Amino acid sequence: MLGIKEAVERLNSGGVVAIPTETVYGLAAKVTNLQAIQEVFTLKRRPSDNPLIVHISSLEQLSEISKPLTELELSIINKFWPGPLTLILRRKKKVLDAVTAGLETVAVRMPNHSICLDLLQRTGPLVAPSANLSGTPSPTKKEHVQNDFGPSFPILDGGACTIGLESTVITCRSDYLSTTIKNESVYTKTPSHSDIIIYRPGAISEQLLSEFGSVHYYSASQAEQDYPRSKPILPSPGLKYRHYAPKAKVQWLSSFDLLRAVTETSIVLLLDKNQVVNQAQAVEGSISSQELVQSCNLVECEGSWERFGQLLYDTFRVADIENYTHVFVQDIRQSTARSSLKDAIINRIEKAISGQ
Ligand code: TXA
Ligand code: MG
């Protein structure tokens with residue numbers, strides 16, 4: 001474990017350090033140090049065509065990385081930074097190709113974590129993908145980083161991540177075009193459908209963003225429709241990689257399953273235990289909270305969406321380490337309860353179910 005001074009020294013001298021943010025831990029290197037950045041890709045076993053997010057602590061640092069912002073981008077930044085929102089912006093030429101995977105855009109975010117902000121003030125901008133091996137869930141506490149990179153890996157400890165899900169990644173439509181590989185911009189049509197496109201849902205939800213314009217999730221078929229003359233591209237390279245899925249089978253938990261399927265080799269993540277138990281009783285006649293607790297490894301969140309988000313990846317990791325055969329997750333898709341985290345949580349669970 002490192003203190004902040006040691007972390008600064010290591011990063012400034014070209015090292016790689018795992019750093020805390022409010023979303024997940026990141027594997028950080030100086031944005032200007034090619035060797036350190038390559039080390040990040042190697043350590044993570046990350047394909048080099050999947051670009052990194054640059055983390056900054058001030059708008060001054062942003063101006064080193066990004067070309068001038070549009071008004072829309074600026075107002076979104078003013079509202080949500082520091083916070084769990086990454087914007088795809090037009091990059092300055094001097095940003096290394098290794099950071100952006102050769103794209104003309106760069107992903108940037110200002111994390112809302114005091115230790116991380118303090119670090120960034122002292123080091124300058126840092127690249128930081130999630131601090132997990134490609135193929136494992138993003139780390140939400142230092143132990144997760146240690147599981148993937150070993151017990152003596154240099155980590156700046158900032159406690160458990162308060163959100164536990166990766167940041168929302170968006171682009172404002174004006175930048176949609178410039179995500180093509182350099183010199184392959186073949187688009188002719190003026191973008192018209194929406195102002196903000198979400199590539200990856202996170203704690204800054206579609207609804208929160210809709211104050212600033214029309215918001216859509218990225219869809220490959222929409223992109224094709226908009227730009228029929230282009231060759232197929234995926235504007236956010238991360239979308240094409242297989243997503244993490246635990247070894248155990250992940251399933252939504254209906255009340256009926258609760259009675260039939262849950263066994264001692266199941267780990268069960270519930271947003272609201274009482275609600276599930278009540279529903280189960282209505283369907284089949286009987287299961288008590290106590291029976292439920294005894295029949296499986298029960299992780300429950302007392303109705304707190306924040307807790308649910310914080311514990312999701314930890315539950316997946318526990319399932320892998322302890323060889324559970326099934327992960328059941330309360331089916332929150334039809335829930336009338338509202339939370340800005342809901343879409344992001346459903347997205348991560350569906351990815352873990354489908355492995356895509
Ligand atoms: O919450 C987070 O965003 C965490 C913490 C550490 O900040 N970081 C994180 O990084 O999740 P990573 O590398 O695991 O995910 C970055 C995502 C990838 O899907 C990548 O493809 C996308 O952002 N991305 C990066 N640069 C891009 C660009 N120029 N255009 C489109 N997508 C980009
Ligand atoms: Mg990641």
Side-chain angles (χ1 to χ4, degrees), residues 17-29 31 37 40-41 43-57 65-66 80-92 95-113 116-117 119-120 125-140 144-145 148 155-156 158 161-172 175-182 197-204 218 223 233-244 309 313 344 347-348 351:
V17 173
I19 62 166
T21 82
E22 81 280 32
T23 56
V24 300
Y25 273 76
L27 198 59
V31 73
I37 292 167
V40 166
F41 279 96
L43 277 167
K44 263 187 76 80
R45 300 188 207 132
R46 182 182 179 102
S48 60
D49 65 351
N50 195 1
L52 306 176
I53 298 176
V54 179
H55 294 66
I56 52 154
S57 61
I65 305 295
S66 149
F80 296 111
W81 279 4
L85 180 69
T86 297
L87 275 89
I88 309 297
L89 301 169
R90 290 172 305 152
R91 70 186 267 200
K92 281 217 164 133
V95 178
L96 296 172
D97 276 343
V99 174
T100 67
L103 300 174
E104 290 182 1
T105 51
V106 60
V108 188
R109 129 174 153 85
M110 189 188 289
N112 186 15
H113 189 291
C116 186
L117 288 171
L119 178 80
L120 287 163
L126 298 172
V127 295
S130 49
N132 54 308
L133 290 172
S134 292
T136 66
S138 292
T140 57
H144 296 163
V145 180
D148 282 12
I155 304 174
L156 175 61
C161 301
T162 52
I163 293 178
L165 304 163
E166 306 86 344
S167 61
T168 308
V169 179
I170 64 164
T171 185
C172 298
D175 280 331
Y176 193 62
L177 302 185
S178 50
T179 47
T180 42
I181 309 288
K182 273 185 194 163
I197 292 177
I198 300 178
Y199 289 140
R200 180 173 75 182
I204 304 300
Y218 171 74
I233 54 151
L234 275 175
S236 188
L239 294 172
K240 75 171 179 244
Y241 292 105
R242 194 180 170 279
H243 197 266
Y244 162 78
Y313 288 149
N347 169 268
R348 301 312 191 274
K351 279 179 179 292

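In listed order, ligands and their atoms are each counted from 1. Numbers here simply count residues along the sequence, with the first being 1. Given the structure is predicted, the values throughout are model-derived calculations rather than measurements.
Per-residue contacts place G26 under 4.0 angstrom from the following atoms of ligand 1 (heavy atoms of the residue considered): 6 (C). Those atoms of ligand 1 that come under 4.0 Å of a heavy atom in P129, given as number and element, are 10 (O), 12 (P), 13 (O). Close contacts between ligand 1 and N50 involve ligand atoms 18 (C), 20 (C), 21 (O) [criterion: under 4.0 Å to a heavy atom]. For ligand 1, the atoms lying closer than 4.0 Å to a non-hydrogen atom of E166 are 1 (O), 11 (O). Under a 4.0 Å criterion applied to the non-hydrogen atoms of S167, ligand 1 contributes the atoms 1 (O), 2 (C), 3 (O). The ligand atoms of ligand 1 that sit less than 4.0 angstrom from a heavy atom of L103 are 28 (C), 29 (N), 30 (N). Here is the list of ligand 1 atoms found below 4.0 Å of a heavy atom in T105: 28 (C), 29 (N), 30 (N). Atom numbering of ligand 1 starts at 1 in the shown order; those under 4.0 Å from a heavy atom of H55 are 5 (C), 6 (C), 7 (O).
Taking any N or O of R46, backbone or side chain, at least one lies under 3.5 Å from an N or O belonging to ligand 1. Between R200 and ligand 1, at least one N/O pair is under 3.5 Å apart.
Nearest to atom 9 (C) of ligand 1 by heavy-atom distance, out of A28, S134, S130, is S130.
Remark: side-chain polar atoms of T21 are paired, donor with acceptor, to backbone N or O of T23 under 3.5 angstrom.
At least one heavy atom of A128 sits closer than 4.0 Å to an atom of ligand 1. Heavy-atom separations between T100 and ligand 1 are all 4.0 Å or longer.
One distance of note links CG of L96 with CZ of R91; it measures 8.0 Å at 0.5 Å rounding. Atoms NE2 and OG, on H55 and S167 in that order, are 6.5 Å from each other to the nearest 0.5 Å.
Taking the charged nitrogens against the carboxylate oxygens, R109 and E22 do have a contact shorter than 4.0 Å, which makes a salt bridge.
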